[in-house]
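Just below is one structure, and these are the notes that go with it.
Throughout, protein chains are lettered first and strands after them, A, B, ... in sequence-line order, and every chain is numbered starting at 1. Below, each value reflects all heavy atoms present in this structure, side chains not excepted, and no hydrogens, waters or symmetry copies. Everything numeric here is computed off the predicted structure, so don't read it as measured data.
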Number of protein chains: 2
Amino acid sequence: MTAAANQSGRRPTTSRRLERAGIRDVAAAAGVSITTVSDALNGKGRLPDETRSRVREVAERLGYRPSAAARTLRTGRSGLIGLTVTTYGEEPFTFTEFAYFAEMARAATSAALGRGYALVVLPASSRHDVWSNVALDGTVVIDPADQDPLVSELYRSGVPVVSDGKPGNCPVTAWVDNDHEAAVLNILEHLSEAGARRIGLLTGTSTDTYTRLSTDAYLGWCDRVGQEPVYEAYPAHDPAAGAVAADRLLARPDRPDAVYGLFDPNGTDLLAAARRYGLRVPEELLLVCCSESDVYAGTEPPITTLSLKPRRIGTTVVNLLIDAIEGVDSGTGVDIARLFPPRYRTAGTGPPPGTLMPTELIVRASSQRRSPRTTVSPPRPPGEV
Amino acid sequence: MTAAANQSGRRPTTSRRLERAGIRDVAAAAGVSITTVSDALNGKGRLPDETRSRVREVAERLGYRPSAAARTLRTGRSGLIGLTVTTYGEEPFTFTEFAYFAEMARAATSAALGRGYALVVLPASSRHDVWSNVALDGTVVIDPADQDPLVSELYRSGVPVVSDGKPGNCPVTAWVDNDHEAAVLNILEHLSEAGARRIGLLTGTSTDTYTRLSTDAYLGWCDRVGQEPVYEAYPAHDPAAGAVAADRLLARPDRPDAVYGLFDPNGTDLLAAARRYGLRVPEELLLVCCSESDVYAGTEPPITTLSLKPRRIGTTVVNLLIDAIEGVDSGTGVDIARLFPPRYRTAGTGPPPGTLMPTELIVRASSQRRSPRTTVSPPRPPGEV
DNA sequence: AAGTCATGGAGAAACGTATCTTCAGCCCCG
DNA sequence: CGGGGCTGAAGATACGTTTCTCCATGACTT
């Protein structure tokens, strides 16, 4: 047997099963080398158009599909991005539990696909073997916990990590977050202008960035304006607890005359609680909640909501991540900074570059005592994008 | 340079960059061969426990993570399952648009993870290169279109395909679906018993299995009981169109006295339309809609809903798929049938094995004229699982 | 005492691609 | 007329595993 025969034929000793055509088969059928096939199909190398198209035609005829595994092994790129969702409680996924996550994930998937990447859904808490069983080019982390060991290890092993939500204490390549502080202050100001004297907060007990920043902003504001904080916290993943907390908040002796609820179902719960206590909205109680759902446009009365613009966040996160994947010399992992505009550059081992995005307050009848017309107020002065 | 040196050291000529430890590094550090390392870590081969634990310890110390790409290339298994979602209209994903999809996807992800697989979200309509860029062990297809070219090619190339929704005309390994016909007939019967004389249907214009089967069941029932069909169809992906269609249905001269809406938001839309026309529910109009949302427990009045039990479907689909992946001798692809109970076996090239799962009708005030208590009626006689 | 067998482990061949290097031919120019 | 650069393409290697085959060693049987 000659070397040439061994090169063109495959596995001379084994009985040949029905298999998918490989690059060698295409090369043999087209009468060229596998190098030429690879170059022709990938648009590389120096080949005349004639050869290129002929090879492509042969490949098409044979139904050739390159092996993703082999390509990944060779190039070190899998085209796969992890989408990590934090898990509350027993349920493996809050993913799609709140409309925010669902929308964000959808936008992220779409954006990734548009750039040739696919998303793999992985829980942050799963065992190591699941994570190491899939070759990831990078990972999106939604709301990373402080000191998340998984994120740390990923980052250390050179996998770019971009988080939705400013990371507490774990190193990430970059992060994107809503400007929660500005959003809360904007809402408090909005309620004050509508006549609120004592603004209450319905918040969560978990330590994620969103809850923490929002609550801190509220407490800071209270401190500044001299209002005693009036708030109830409950485990956000438990819908029943939310209704109870809403009830508790309105049952307090120092009952607030305006409430902002941090989580999606709070609007409904607060409305129901107000009804139980005979409080008219917005006359006796001003209401705002954070939600992506448009059911609040149809409630009685319609409720003012804060939208975190999850689509925009998801798209931004993915694009940032893919920029890092494609721009960085994988191996060193240090010159990521040059991907970002100068204003983000931080010297040495400073904090990772982050982007704050504005939120949108959709003002409806529940937070206005004068004109119940539905309007949209931009949270930022125009001119800024 | 000896062969041994070449074996233990790596790439003697290239300058060594900072890289992740490979299996060779572990072997060298532990003073054994790479075979032994592989066997020790994978629980294979014949090794004394002492060696096994020592190797494991060394691997741990070096932070060794096996390369998923290399493993996939070698074993032919990636541990990745595609989750295909059909796309309506311009938006790339209805995924998470309806609660059904969201819940189903969540359950599927969870079930897959529980068996060591991860899910990759892929749109059915995306370009070929995205699909062939990821090595899939199998695919879940949600509501496959008739003659879906992608499904056909996947199946032909030996990738197991399990669909949620009985496939129209494309070959799949197996499928799972709700018993839509039984569900619709059950609802119609339920409405009749509640006193309905003319039952209307709010349905969709698309040709997916769900819409088709449900509509056909309705039309067949009308034909059998001698009622003139009263229905409106609209593009299900357009929420605004749903409200219009609901309005149209109640504005007809032959206005129905009971309506079943096939899609999630129909309940709200129909309720709003009824209110506009001054129709009291359930006194003058009986209402049922298909939805996974529990908001219908809180509407005024609460609306009877049909649940398609998406969790159960998602779990079943994934388990069926993984059974096929792990049970079949990849290469032949013919003896899949033995995975299923005998009753599913079909001779030769007959239809693929399928499973019909019962739905659940959650009866609330909107479909009862007598006792407005909330009860749950099983759609199947007890004893069947 | 010579086979036989179980034990523990090493060698080497794939898996299918991308890419680095090499090489033959050819044209052009001094 | 000889060498340098350009074109088109082939060879060979490496990516990091898994796994098939095989060998050495000692214990045990007959």
At under 4.0 Å, does any side-chain N or O of [X] touch on OP1 or OP2 of [N]?
X: B:Ser38; N: D:dT18; value: yes
X: A:Thr75; N: C:dT17; value: no
X: B:Lys44; N: D:dT18; value: no
X: B:Thr51; N: C:dG9; value: yes

Between protein and nucleic acid, restricted to nucleotides 22-26 of chain C and to nitrogen or oxygen atoms under 3.5 Å apart, what atom pairs and distances do you find?
none

Report the residues that fulfil salt bridge (charged side-chain N to carboxylate O under 4.0 Å, His left out) with A:Arg65, sequence neighbours left out, ordered by chain and then residue number.
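Scan of A:Arg65 (salt bridge (charged side-chain N to carboxylate O under 4.0 Å, His left out), adjacent residues dropped) gives B:Glu153.
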Could you pull out all residues at least two apart from B:Arg115 that satisfy salt bridge (charged side-chain N to carboxylate O under 4.0 Å, His left out)?
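B:Arg115: salt bridge (charged side-chain N to carboxylate O under 4.0 Å, His left out) contacts with B:Asp323, B:Glu326.
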For DNA chain D, which residues in residues 56-74 of chain A have a heavy atom at a distance below 4.0 Å?
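Within this stretch, A:Leu73, A:Arg74 sit under 4.0 Å of the strand.
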Under-3.5 Å donor-acceptor pair between A:Thr35 side chain and D:dG11 base
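When only heavy-atom distances are counted, A:Thr35 does reach the base of D:dG11 through a donor-acceptor pair under 3.5 Å.
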So do B:Arg77 and B:Thr72 actually touch side chain to side chain, heavy atoms under 4.5 Å?
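The answer is no, as the side chains (C-beta and beyond) never meet within the 4.5 Å cut-off.
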For a 4.5 angstrom cut-off between non-hydrogen side-chain atoms, does A:Leu321 reach A:Thr173?
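Not touching, per the 4.5 Å side-chain cut-off.
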Let me check something: any side-chain donor-acceptor pairs from residues 40-49 of chain B under 3.5 Å, sequence neighbours excluded? List them with distances.
{"unit_1": "B:Asn42", "atom_1": "ND2", "unit_2": "B:Ser38", "atom_2": "O", "d": "3.3"}

Test: salt bridge (Lys or Arg N to Asp or Glu O under 4.0 Å). Region: residues 51-61 of chain B. Which pairs qualify, not counting sequence neighbours?
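For residues 51-61 of chain B, and leaving out neighbouring residues, the salt bridge (Lys or Arg N to Asp or Glu O under 4.0 Å) pairs sorted by first residue read B:Glu50-B:Arg54.
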Answer with base, sugar-phosphate or nothing: what part of the nucleic acid does B:Asp39 contact at a heavy-atom distance below 4.0 Å?
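Here B:Asp39 touches the bases of the nucleic acid.
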Side chain of B:Thr36: nearest nucleotide among C:dG9, D:dG8, D:dA10?
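The closest nucleotide is C:dG9.
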Any donor-acceptor N/O pair, A:Asp143 side chain to A:Gly165 backbone, under 3.5 Å
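No, A:Asp143 side chain to A:Gly165 backbone: no donor-acceptor pair under 3.5 Å.
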